[in-house]
Amino acid sequence: MKRNQRIALVCGILACALAATGCSDSGKNAASTEPSGKASGSSAASGTASGTASASASAPTEKGDPFGKYDPPIELHVARAVDQTWTYPKGDSIDNNVWYREYENLLGIKIVHDWTALTSEYNRKLNVSIASGSLPELFSVSASQLKQLADAGQLEDLTGVYEQYASDHTKELQHGDGGAALASATFNGKLLAIPVVNAPIYEPNLLWIRTDWLKKLNLSEPKTLDDVLKIAEAFTKQDPDGNGKPDTYGLAVNNYLYGPITSITGLSNAFHAYPQTWVKDASGKVVYGSTQPEMKQTLAKLQEMYKAGELDREFGVKDGTKVAEDIAANKFGMAFGANWNPYVFLDAVKKNPGMDWMPFPVPSVDGTPTKANVGFSASGYVVVRKGAKHPEAAIKMLNLHEEVVHGSRRNEGQFITVEENGERINTSPMSLVQSGVSDQGVLESLTLLRKAIENEDESLLKDALTETDKYGPTVDYLKTGNIENWAVAHQYFGFVTTMDNYTGDRLLMTAFGGQTPTMTDKWATLDKLEKETFTKIIMGAASVDEFDTFVADWNKLGGEAILKEINDWLSAQK
């Protein structure tokens with residue numbers, strides 16, 4: 001297969017898999033602390049509007065109306081990225097859509113685009129606006145742009161208006177990560193942005209094993225890392241596919257090394273190593289996980305496994321798509337990856353009757369419970385320009401989003417997807433101030449899903465925020481073994497493994513989710529250095545001690561400067 005075809009295929013796999021992740025937001029009505037079901041009425045009743053006057057950060061923090069309607073309506077000048085793949089219901093457009101109409105009808109906010117840009121061009125155009133000082137009133141930024149604007153004093157302090165206008169439901173959802181995302185938007189005690197909160201709890205690398213091979217070789221499920229390594233050896237040497245050829249491997253790894261499929265991250269976690277993650281050391285300073293001594297131990301074990309033939313000798317030139325093809329060809333029996341890996345395995349399962357994969361927690365090298373490194377709980381930020389007349393409008397728009405997407409006014413058929421002529425049109429991207437479900441919300445929803453499946457009672461999902469679409473297919477698979485529902489059911493099994501093993505302090509979230517100036521300039525070089533060096537070590541083309549040279553080079557080529565910038569950044573957020 002040509003390289004471009006493989007790239008297209010892996011993109012397809014990842015797109016499919018991401019669509020299948022726990023981000024489906026397919027929950028039903030959620031409990032709300034706000035009278036949101038009467039939101040329209042309440043806003044109308046607010047009459048003279050709670051937000052007609054500018055609410056500055058220094059204003060008294062008495063409770064405002066989270067859905068107070070501006071009367072007369074106000075105009076809010078925004079900039080936004082648009083995706084050329086977006087489609088709209090008939091008559092709708094980027095300027096006139098279900099979200100913008102709701103902003104105006106419910107809140108009295110008329111959206112005016114100062115400018116729009118394709119996603120690929122948005123940051124470039126925004127950087128021009130920042131440089132020229134001609135900023136719109138509300139817009140989205142990356143972490144690095146947030147820091148730049150915060151340093152320049154160009155952002156409105158939202159501390160006061162957030163306390164005044166954020167609904168109880170909004171605050172509950174925004175604090176569902178323990179407050180990490182909000183803290184990342186706070187500089188010198190001032191909240192300067194609304195974080196787009198997400199759920200890193202979906203990300204832990206689980207250990208996926210072919211249980212049909214375990215049974216065939218009369219092996220027990222792994223309890224220790226030694227068990228895992230013995231299984232890898234058996235899958236390599238004991239002909240689990242029964243074709244009489246030495247053509248199987250213990251562990252699948254792709255040339256990217258990390259990520260949600262066929263990764264080395266899970267094995268690294270077994271050695272208490274956290275690659276590509278910013279972690280705090282004993283003194284509280286942030287260090288880079290890939291340069292810590294535990295990573296050297298991981299590479300030594302991988303080199304040993306490679307020499308023993310337990311890794312594909314050509315893994316260094318095989319991307320995720322090619323490895324998935326090899327899985328379908330009965331080559332691998334184990335892989336570390338995310339809860340949604342069953343969607344990657346599904347074609348292989350259909351092609352190989354009897355094949356089955358199950359998730360297991362990653363055991364550690366020393367018996368100390370393994371932690372899983374995951375990403376940051378804020379994936380972006382929405383900010384308000386310094387001096388904007390109605391900064392509280394951003395908070396009200398966030399309240400609206402949380403109510404109609406995650407609250408008691410949830411209306412999936414209007415604000416998330418619209419069915420038109422048999423086509424499902426995604427309307428959720430039109431929301432200007434939005435946020436996802438945090439770890440706590442996801443965990444509560446998964447707990448409800450588990451109870452519903454165990455009791456075969458779908459009504460138990462009435463308060464779930466997400467994952468309710470897993471109920472029917474999983475119950476059906478458990479009853480009938482319907483292969484069409486295999487992937488959904490096995491993702492649910494992955495959820496169960498996560499709930500039982502990766503909550504609380506077993507989830508190690510990266511200490512920094514942004515990008516520093518030196519990172520912008522140097523990261524590509526550092527990332528290439530890391531992956532090339534680690535691949536050489538694993539394949540035996542370099543000694544394990546080459547790791548020490550890598551650490552020195554990494555620091556010299558920009559890593560040390562990046563760590564200083566990160567630690568300075570985090571100090572400024574206290």
Side-chain angles (χ1 to χ4, degrees), residues 142-144 147 184 200 203 205 253-260 262-306 311 315-317 319 336 365 370-376 508-572:
S142 65
S144 59
K147 179 66 163 54
S184 72
E203 301 174 21
N205 259 213
V253 175
N254 73 75
N255 63 351
Y256 186 73
L257 298 182
Y258 308 120
T262 58
S263 164
I264 68 168
T265 298
L267 186 65
S268 304
N269 293 164
F271 286 87
H272 307 299
Y274 310 105
Q276 302 233 313
T277 301
W278 306 106
V279 297
K280 290 187 177 180
D281 65 12
S283 69
K285 288 287 185 182
V286 170
V287 298
Y288 184 49
S290 295
T291 61
Q292 302 310 298
E294 293 83 0
M295 196 67 220
K296 184 176 181 180
Q297 297 175 43
T298 305
L299 295 173
K301 177 55 66 178
L302 284 165
Q303 187 186 76
E304 186 180 314
M305 295 176 72
Y306 182 87
L311 306 185
F315 86 87
V317 294
D319 59 19
F336 292 97
V365 66
T370 301
K371 294 184 179 182
N373 61 277
V374 295
F376 198 63
L508 194 150
M509 186 171 69
T510 186
F512 178 73
Q515 190 169 39
T516 71
T518 303
M519 209 183 288
T520 301
D521 294 336
K522 304 292 187 181
W523 190 254
T525 299
L526 295 175
D527 189 57
K528 182 180 179 184
L529 172 69
E530 176 179 335
K531 289 171 181 168
E532 287 185 349
T533 304
F534 287 8
T535 299
K536 287 180 181 176
I537 292 175
I538 294 170
M539 299 180 74
S543 75
V544 175
D545 288 338
E546 185 70 16
F547 176 83
D548 301 324
T549 303
F550 155 73
V551 174
D553 290 345
W554 187 88
N555 281 306
K556 185 171 57 180
L557 293 174
E560 186 174 359
I562 290 171
L563 287 171
K564 183 179 185 308
E565 290 169 344
I566 290 175
N567 282 295
D568 288 348
W569 186 323
L570 295 178
S571 294

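Note: Met519 CE to Ile566 CD1 = 4.0 Å, rounded to the nearest 0.5 Å. Separation of atoms OG (Ser184) and NZ (Lys147) is listed at 13.0 Å; rounding is to 0.5 Å. Interatomic distance, NZ of Lys371 versus OG1 of Thr277, reported as 12.5 Å (0.5 Å rounding). Atoms OH and CE, from Tyr274 and Met295 in turn, are 12.0 Å apart once rounded to the nearest 0.5 Å.
Within the 3.5 Å criterion, the main-chain N or O of Gly513 finds no donor-acceptor partner in the side chain of Thr510. For Glu294 (side chain) and Phe271 (main-chain N/O), no donor-acceptor pair under 3.5 Å exists by modelled atom type. Glu565 places a side-chain N or O within 3.5 Å of a backbone atom of Thr518 that can act as its donor or acceptor partner. Under the 3.5 Å distance criterion, the side-chain polar atoms of Glu546 are left unmatched by any main-chain donor or acceptor of Thr533. Here the side chain of Glu203 pairs no donor or acceptor atom with the backbone of Ala372 at under 3.5 angstrom. Of the possible polar contacts, one joining the Asn254 side chain to the Thr262 backbone as a donor-acceptor pair under 3.5 Å is found. Under a 3.5 Å cut-off, the side chain of Asp281 and the backbone N or O of Gly284 do form a donor-acceptor pair.
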Leu257 and Phe315: side-chain contact (heavy atoms from CB on, under 4.5 Å), yes or no, with the steps? CA-CA 9 Å; Leu257 298 182; Phe315 86 87; 3.9 Å; yes
For side-chain contact (heavy atoms from CB on, under 4.5 Å), just list the numbers for Lys564 and Thr516, CA-CA rounded to whole Å, side-chain angles, deciding distance to a tenth of an Å, and then say yes or no. CA-CA 10 Å; Lys564 183 179 185 308; Thr516 71; over 6 Å; no
Determine, stepwise, if the pair Val287 / Val279 fulfils side-chain contact (heavy atoms from CB on, under 4.5 Å). CA-CA 5 Å; Val287 298; Val279 297; 3.6 Å; yes
For a side-chain contact (heavy atoms from CB on, under 4.5 Å) check, start with the C-alpha distance between Tyr256 and Asp319, then their side-chain angles and the critical distance, and finish with the verdict. CA-CA 7 Å; Tyr256 186 73; Asp319 59 19; over 6 Å; no
Show your reasoning for whether side chain to side chain donor-acceptor pair (under 3.5 Å) applies to Ser142 and Ser144. CA-CA 5 Å; Ser142 65; Ser144 59; 3.1 Å; yes
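Inspection of the Ser543 and Asp545 side chains reveals no N or O donor paired with an N or O acceptor under 3.5 Å.
You'll find the side chain of Phe512 stays beyond 4.5 Å of the side chain of Asn567, heavy atoms only. Proximity of Lys296 to Val544: side-chain heavy atoms (C-beta onward) are separated by under 4.5 Å at one or more points. Side chains of Gln292 and Thr298 form no contact here, defined as non-hydrogen atoms less than 4.5 Å apart. Contact of the Leu526 side chain with the Ile562 side chain is registered, since non-hydrogen atoms from C-beta on lie closer than 4.5 Å. Looking only at side-chain heavy atoms (C-beta outward), Leu299 and Phe534 come within less than 4.5 Å of each other. For the pair Leu267 and Met305, the minimum side-chain heavy-atom distance is below 4.5 Å. Side-chain contact check for Gln276 versus Asp527: some heavy-atom pair is nearer than 4.5 Å.
Heavy atoms only, all atoms of each residue included: Ala143 and Gly514 are closest at CB-CA, 3.2 Å. In terms of heavy atoms, Ser263 sits closest to Gly259 at CB-O, 3.2 Å. Taking each heavy atom of Pro275 and Ser290 in turn, the nearest pair found is CA-OG, 3.4 Å. Between Gln303 and Ala542, the shortest heavy-atom distance links the atoms NE2-O, 3.2 Å. Closest heavy-atom contact between Lys522 and Leu557: CD-O, 3.7 Å.
Using the six-membered ring where Trp is involved, Phe550 and Phe547 have ring planes that are tilted, between 30° and 60° apart.
The number of heavy atoms from other shown groups lying within 6.0 Å of NZ (Lys531) is above 12.
Each of Asn269, Leu311, Val253 was compared with Ile264 under the side chain to side chain contact (heavy atoms under 4.5 Å, CB included) criterion, and only Val253 meets it.
When ring centroids are compared, Trp523 and Tyr288 come within the 6.0 Å threshold.
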